[in-house]
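We count residues from 1, following the sequence as given.
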Amino acid sequence: THLFTFTTYGTHLRGDPEPIDRHENKPGQPTLDPSPHLHTAGQARLQSPPITLDEPQRRLVLESIQQTCDYRGWLLHAAHIRTNHVHAIISSDPPAEHILRDLKAYASRHLNRAHGHNPKRWTRGGSTRSLPTPEAIQAATRYVIEAQGSPMAFYLAPPGR
């Protein structure tokens with residue numbers, strides 16, 4: 001079981017005023033200080049405007065994750081699609097990197113069909129944190145569903161599933 005997190009293109013830059021750095025920060029630890037210099041440099045490297053997801057787009061991404069999990073036989077525990085990032089908790093056999101690739105690819109297909117092609121929907125890579133125990137899965141589920149601010153497009157598996 002893994003917690004997958006990936007962000008929309010251009011919305012999480014090093015040095016952001018709301019610092020998030022997937023390479024440096026761990027849950028519960030302090031984040032990096034903002035750096036206007038790093039943020040400005042990141043903005044200058046963008047090849048297209050940042051992508052944010054509106055409500056219909058968030059629903060499409062959630063639907064694509066549910067369909068991908070059903071099709072592949074993966075167990076979706078929880079998912080929460082935000083304006084600028086996606087969290088999903090999935091139990092499966094394939095390597096986590098393959099699952100992350102498929103989640104992003106199928107979400108892009110759904111969005112492309114509904115809103116036109118965009119080659120820069122997601123940032124490269126993402127986080128694939130292993131959840132080795134039931135307690136870790138429960139803690140990650142609370143984080144995904146309850147600690148993201150106001151609920152947006154989300155899924156929570158029924159108890160006992």
Side-chain angles (χ1 to χ4, degrees), residues 1-34 42 50-112 120-161:
T1 303
H2 287 84
L3 167 60
F4 297 91
T5 303
F6 54 99
T7 59
T8 59
Y9 180 77
T11 59
H12 288 81
L13 303 174
R14 289 188 74 111
D16 273 345
E18 292 185 27
I20 296 173
D21 187 310
R22 66 186 170 90
H23 301 291
E24 303 292 335
N25 296 330
K26 304 292 182 223
Q29 293 182 345
T31 57
L32 297 175
D33 290 333
I51 301 292
T52 56
L53 303 172
D54 62 20
E55 179 59 30
Q57 291 168 330
R58 291 190 300 268
R59 280 184 274 141
L60 277 174
V61 172
L62 179 59
E63 181 181 299
S64 77
I65 290 172
Q66 291 172 305
Q67 288 177 1
T68 302
C69 288
D70 286 345
Y71 178 75
R72 299 275 192 217
W74 303 337
L75 176 59
L76 177 62
H77 297 272
H80 202 159
I81 302 10
R82 307 294 294 174
T83 57
N84 61 6
H85 67 283
V86 173
H87 291 295
I89 300 171
I90 299 171
S91 293
S92 62
D93 290 329
E97 294 75 23
H98 294 183
I99 296 165
L100 179 63
R101 178 199 62 212
D102 283 359
L103 294 175
K104 291 166 74 173
Y106 283 97
S108 291
R109 282 187 199 156
H110 273 74
L111 290 167
N112 287 344
K120 293 276 187 194
R121 291 209 188 271
W122 313 110
T123 53
R124 190 177 349 190
S127 172
T128 58
R129 183 170 318 142
S130 177
L131 304 172
T133 65
E135 294 79 18
I137 295 169
Q138 288 175 338
T141 300
R142 280 192 304 278
Y143 170 74
V144 166
I145 299 299
E146 299 171 9
Q148 299 300 307
S150 299
M152 293 190 175
F154 72 93
Y155 168 82
L156 179 61
R161 179 170 175 217

OG on Ser91 to CG on Leu131, rounded to 0.5 Å | 8.0 Å
Atom CZ of Phe4 and atom OG of Ser127: how far apart are they, to the nearest 0.5 Å?
-> 9.5 Å
Does His80 use its side chain to pair, donor to acceptor, with the backbone of His87 at less than 3.5 Å?
-> no
Salt-bridged, Glu55 to Arg59, with N to O below 4.0 Å?
-> yes
Of all heavy-atom pairs linking Glu97 and Thr128, the shortest is OE2-OG1, 4.0 Å
Nearest-0.5 Å distance, CZ of residue Arg58 to OG1 of residue Thr83 | 6.5 Å
Between Gln66 and Leu76, is a side chain to side chain contact (heavy atoms under 4.5 Å, CB included) present by the stated rule, with each step listed?
-> CA-CA 7 Å; Gln66 291 172 305; Leu76 177 62; 3.8 Å; yes
Taking the side chain as every heavy atom from C-beta outward, state whether Val61 and Leu53 have any atom pair closer than 4.5 Å.
-> yes
Which pair of heavy atoms, one from His110 and one from Ser64, lies closest together, and at what distance?
-> ND1-CB, 3.2 Å
Ile99 side chain near His2 side chain, heavy-atom distance below 4.5 Å | no
So how far is it from Thr1 OG1 to Ile89 CD1, rounded to the nearest 0.5 Å?
-> 9.0 Å
Heavy-atom donor-acceptor pair, Lys104 side chain to Thr123 backbone, under 3.5 Å | yes
Is any side-chain heavy atom of Thr5 closer than 4.5 Å to a side-chain heavy atom of Arg129?
-> no
Closest approach of Ala79 to Val144 (non-hydrogen atoms, all atoms of both residues) | C-CG1, 4.1 Å
For residues Trp74 and Ser92, report the shortest heavy-atom separation together with the two atoms involved.
-> CD1-CB, 3.3 Å
Start with the C-alpha gap between Asp102 and Arg72, add the side-chain angles, then the distance that decides, and say whether side chain to side chain contact (heavy atoms under 4.5 Å, CB included) holds.
-> CA-CA 10 Å; Asp102 283 359; Arg72 299 275 192 217; 3.1 Å; yes
Heavy-atom pair with the smallest gap, counting every atom of Ala107 and Trp122 | CB-CZ2, 3.8 Å
Check Tyr155 against Ile145 and note the closest heavy-atom contact, atom names and distance.
-> O-CD1, 3.6 Å
Under 4.5 Å between any side-chain heavy atoms of Ile81 and Met152, yes or no?
-> no
Nearest 0.5 Å please: distance from the CD1 atom of Ile137 over to the NE2 atom of His77.
-> 5.0 Å
Kindly check if the number of other-residue, nucleotide or ligand heavy atoms within 6.0 Å of CG (Asp93) is above 12?
-> no
